[in-house]
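Notes follow the structure.
Numbers here simply count residues along the sequence, with the first being 1. Atoms within a ligand are numbered from 1 in the order they appear, just like the ligands themselves. These numbers were taken from a predicted model, which means no experiment stands behind them.
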Amino acid sequence: MSRGNINISSLVRPNIAKLSPYTSARDEYKGNEGVFLDANENPFGTVNRYPDPYQKKLKQVISEIKGGSTEQLFLGNGSDEAIDLAYRIFCEPNKDKAIVFTPTYGMYEVYANINAVELITLPLDSLFQIDTTLVEPYLNDESVKLMFICSPNNPTGNLIDRQTIVQLLEQFKGIVILDEAYIDFSIEVSWLEQLSQYSNLIILQTLSKGWGMAGLRIGMAWMSEELLYYFNKVKSPYNLSIINQQQAIEVLRDTEGFKQRIELLLSERERVTKELKNLSIVKVIYPSEANYLLVEFDNANQIYEELISRQIIVRNRSKVVQNTLRISIGLAEENNQLLAVLKAL
Ligand SMILES: *Cc1c(COP(=O)(O)O)cnc(C)c1O
């Protein structure tokens with residue numbers, strides 16, 4: 001199933017293809033020991049040295065946990081950085097386009113706008129699945145460089161059908177960016193095992209959600225070596241700080257704690273779902289493969305305001321799915337506070 005028919009270099013913007021990246025002195029000298037007088041660093045202090053531009057140690061730890069190769073891994077300042085870089089690598093401003101399936105994660109659109117890339121927004125169907133007939137006109141359109149697929153999808157919580165993704169990977173002539181930000185909460189296995197089959201696939205993951213490190217801003221983008229070459233070329237050389245890398249490694253070592261916290265959040269997701277089902281103000285609870293629930297109410301705006309007045313903050317998604325709130329699963333006592341307020345309404 002390997003796809004030889006996509007010429008990655010022809011998708012890359014000419015200025016990026018030509019670009020010679022900034023090379024730090026540390027790119028040339030690989031050793032750890034030595035007298036370092038090459039980078040205008042201050043010799044005093046504890047964080048006085050620039051971080052490893054390729055984050056080798058952290059990548060090693062992540063690849064052991066996730067099972068992918070360090071040679072196919074880009075680390076960004078949040079996976080949002082990888083989204084921005086994808087636009088900057090592949091999309092010529094005011095010329096090239098990208099596809100998103102809505103409702104979905106808002107940052108695909110924000111970065112498209114920042115980079116002056118026209119976004120083709122195709123609505124998901126009534127089950128929040130991709131309607132492939134809507135995509136067909138764009139499959140061979142040379143100006144459409146990127147396609148974002150979010151699975152589990154934010155804010156709807158559902159997985160996108162695997163067969164549909166296979167079909168799009170095989171038929172689309174651009175890059176498919178599959179966002180697995182919530183994969184740790186899902187019964188579905190990651191697409192990482194399939195990465196080598198698709199030269200046009202980029203898989204986004206993050207330490208922000210399942211791993212609980214949103215404050216560190218570390219996101220992963222898995223891709224072929226050929227694609228990674230361009231991401232490494234375009235990224236800022238020192239995009240992840242030393243402190244962030246060290247802290248992430250420390251948290252990642254506690255794999256048992258990670259598993260326990262995921263279990264806990266999943267059982268809370270189930271409990272909150274059951275309790276919400278008993279409330280007459282709740283119309284629909286969409287099945288979730290993530291750490292949030294999209295819930296349809298009689299009057300979502302009103303309930304949103306009621307919750308705010310009691311300092312319970314949820315996300316009002318009524319503008320994208322009528323009368324819905326997106327509710328993150330919190331600690332048991334936080335969820336109880338939410339439920340108590342809703343019950344009393
Ligand atoms: C939260 C989220 C991200 C952002 O991840 P960061 O690594 O924190 O930038 C990416 N994609 C989706 C769908 C998200 O919900």
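In this structure, Cys150 is part of the shell of residues with a heavy atom less than 4.0 angstrom from ligand 1.
Applying the side-chain contact (heavy atoms from CB on, under 4.5 Å) test to Ser9 and every residue at least two apart in sequence or in another chain returns Asn7, Tyr230. With sequence neighbours excluded, the residues that form a side-chain contact (heavy atoms from CB on, under 4.5 Å) with Pro237 are Tyr22.
Distance from atom 4 (C) of ligand 1 to its nearest protein heavy atom, with residue and atom name: Tyr105 OH, 3.3 Å. Among protein heavy atoms, atom 15 (O) of ligand 1 sits closest to Tyr182 OH, 2.6 Å. What sits closest to atom 5 (O) of ligand 1 on the protein, heavy atoms only, is Ser79 OG, 3.0 Å. Here the protein heavy atom with the shortest distance to atom 1 (C) of ligand 1 is Lys209 NZ, 1.3 Å. Nearest to atom 9 (O) of ligand 1 among the protein's heavy atoms is Arg217 NH2, 2.8 Å. Among protein heavy atoms, the minimum distance from atom 11 (N) of ligand 1 is reached at Asp179 OD2, 2.6 Å.
Contacts of Glu81 with ligand 1, taken as heavy-atom pairs under 4.0 Å, are absent altogether. When heavy-atom distances to ligand 1 are checked against a 4.0 Å cut-off, Asp80 comes that close through both its backbone and its side chain.
Cluster annotation: Phe74 and Tyr54 are assigned to distinct hydrophobic clusters (Ile/Leu/Val/Met/Phe/Trp/Tyr, side-chain heavy-atom contacts under 4.5 Å, transitive).
With respect to Lys66 and Asp184, a salt bridge is recorded, a charged nitrogen being found less than 4.0 Å from a carboxylate O. At a threshold of 4.0 Å, the pair Glu275-Lys343 counts as salt-bridged, since one of the basic side-chain nitrogens sits closer than that to a carboxylate oxygen.
For atom 8 (O) of ligand 1, the candidate residues are Ser208, Gly78, Ser151; the nearest heavy-atom contact is made by Ser208.
In this structure, a donor-acceptor pair under 3.5 Å is absent between the side chains of Asn239 and Ser236.
No side-chain donor-acceptor contact under 3.5 Å links Asn115 to the backbone of Arg88.
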